[in-house]
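The model shown is predicted, which means the values in this text are computed figures rather than measured ones. Numbered from 1 within each chain, the chains take letters A, B, ... in sequence-line order.
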There are 2 protein chains.
Amino acid sequence: MATKQALKGLPEDADLRRADSLAREIFSDVANKWALLIIEALGERTLRFSELRNEVEGVSHKMLTQNLRMLERNGLVDREVHPTVPPRVEYTLTEPGRALRTAVDAICGWTHQHLAHIESARGHFDA
Amino acid sequence: MATKQALKGLPEDADLRRADSLAREIFSDVANKWALLIIEALGERTLRFSELRNEVEGVSHKMLTQNLRMLERNGLVDREVHPTVPPRVEYTLTEPGRALRTAVDAICGWTHQHLAHIESARGHFDA
DNA sequence: CAGAATCCCATTAGATACTG
DNA sequence: CAGTATCTAATGGGATTCTG
């Protein structure tokens with residue numbers, strides 16, 4: 001421990017930087033359109049892959065799988081496979097996922113609240 | 001008004017669909033990494049272009065300009081140009097911008113709160 | 001039905017150079 | 001300093017095909 005200090009600063013500094021870069025990585029994962037829309041669509045419900053595909057308008061098969069894998073990897077959604085035929089796979093938000101969802105809800109709410117303001121701002125800007 | 005109803009449904013339906021697609025458009029604009037990081041960086045402060053570039057780690061000159069224009073267009077940031085030489089341009093969140101910022105803060109807070117959980121989820125998933 | 005893999009085109013974003 | 005324009009490399013994302 002003490003050996004590093006002279007050359008590289010306190011160990012805690014390194015830990016903080018590591019935590020920051022991790023936080024940033026997670027933020028980048030999560031702060032994208034499809035991920036947030038999927039989280040919003042799931043809400044408190046459990047949905048199958050095909051149901052999610054219907055709920056999240058405009059998402060492609062590929063983007064849905066990719067983002068679901070990423071969310072699963074980060075522990076935001078739980079993926080339950082029922083080994084039936086045909087297969088049935090269900091997705092549910094985990095506790096951290098639901099916690100994040102409240103923030104996403106806030107963004108959605110914000111969007112609808114400011115529709116008028118934004119529309120007029122656009123009109124003004126585009127002129 | 002009444003003429004459309006038979007063929008296209010109630011006018012309110014059309015209005016609702018329009019509002020929804022607008023909301024979706026705004027959401028897509030805003031729900032991206034750089035836009036959210038810029039909003040978070042601005043916070044309550046007023047920052048110059050070059051200061052923002054330093055605050056938002058890793059953002060390129062181009063991405064910063066593009067996103068600032070987009071945020072300005074949507075009325076989330078105010079852009080003030082001081083016609084001096086060299087030029088000085090300052091960016092500030094508008095009221096709607098600040099409102100959205102609280103939601104972004106929530107996401108940032110969430111990220112840091114769940115660092116450990118996510119890191120372990122990743123470890124588990126990657127195995 | 002869920003999803004992995006491939007192909008391929010469109011968009012994105014970085015680097016660089018130029019302007020007021 | 002702030003911003004635009006251009007070029008290019010990389011990535012994203014859709015369509016399609018194939019498997020359990």
Side-chain angles (χ1 to χ4, degrees), chain A residues 21 24-39 41-42 45-74 76-93 97 125-127, chain B residues 24-39 41-42 45-74 76-93 125-127:
Chain A
S21 87
R24 184 56 180 276
E25 199 183 313
I26 295 167
F27 189 88
S28 300
D29 268 4
V30 152
N32 90 68
K33 185 182 160 178
W34 294 129
L36 295 185
L37 287 172
I38 289 169
I39 290 171
L42 276 175
R45 305 175 291 173
T46 289
L47 292 178
R48 302 183 58 173
F49 183 85
S50 47
E51 290 169 336
L52 263 174
R53 195 147 154 52
N54 292 331
E55 292 292 328
V56 181
E57 169 158 332
V59 71
S60 71
H61 187 128
K62 188 183 181 176
M63 285 301 97
L64 186 54
T65 350
Q66 272 187 14
N67 280 278
L68 282 173
R69 285 297 158 281
M70 179 274 287
L71 292 172
E72 188 194 354
R73 178 170 120 89
N74 289 321
L76 302 200
V77 306
D78 182 50
R79 177 170 177 267
E80 190 167 2
V81 183
H82 301 272
T84 59
V85 46
R88 176 184 191 82
V89 181
E90 295 184 326
Y91 295 91
T92 317
L93 289 182
F125 183 93
D126 294 344
Chain B
R24 185 55 181 275
E25 200 183 314
I26 294 167
F27 189 88
S28 300
D29 268 3
V30 151
N32 88 69
K33 184 182 160 179
W34 294 128
L36 295 185
L37 287 172
I38 289 170
I39 290 171
L42 276 175
R45 303 176 289 174
T46 289
L47 292 178
R48 303 182 57 171
F49 183 85
S50 46
E51 291 169 335
L52 263 174
R53 195 148 154 50
N54 292 330
E55 291 293 326
V56 182
E57 168 158 334
V59 72
S60 71
H61 187 130
K62 187 181 181 178
M63 283 304 96
L64 186 54
T65 352
Q66 272 187 14
N67 280 277
L68 282 172
R69 286 296 159 280
M70 179 273 286
L71 293 172
E72 188 193 355
R73 179 171 120 90
N74 289 321
L76 303 200
V77 306
D78 181 50
R79 176 168 177 268
E80 189 167 2
V81 182
H82 301 271
T84 59
V85 45
R88 177 185 191 82
V89 183
E90 295 183 323
Y91 294 92
T92 317
L93 289 182
F125 182 92
D126 294 343

Check against side-chain contact (heavy atoms from CB on, under 4.5 Å), B:T65 and B:F49:
CA-CA 8 Å; B:T65 352; B:F49 183 85; 4.2 Å; yes
Indicate yes or no: at least one non-hydrogen side-chain atom of A:N74 is less than 4.5 angstrom from one of A:D29.
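Yes, at least one pair of side-chain atoms sits under 4.5 Å.
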Would you compute the distance between atom OH of B:Y91 and atom OG1 of B:T46 and round it to the nearest 0.5 angstrom?
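Rounded to the nearest 0.5 Å, the OH-OG1 separation comes to 12.5 Å.
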Atom CZ in A:R45, atom CD in A:E51: separation rounded to 0.5 Å?
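So the CZ of A:R45 and the CD of A:E51 are separated by 8.5 Å.
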What is the distance, to the nearest angstrom, from the CG atom on B:L64 to the C1' atom on C:dA15?
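Distance, rounded to whole Å: 16 Å.
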Figure out the NE2/C1' separation between B:H82 and C:dG20, and round it to whole Å.
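B:H82 atom NE2 is separated from C:dG20 atom C1' by 17 Å.
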Set out, in order, the CA-CA distance, both residues' side-chain angles and the distance that settles side-chain contact (heavy atoms from CB on, under 4.5 Å) for A:V30 and A:L76, then state yes or no.
CA-CA 10 Å; A:V30 152; A:L76 302 200; 3.9 Å; yes
Tell me, for nucleotides 1-20 of chain D in 5' to 3' order, what letter each nucleotide earns: B for a base near a protein heavy atom under 4.0 Å, S for only sugar-phosphate near one, - for neither?
BSBB-B------BB-----B
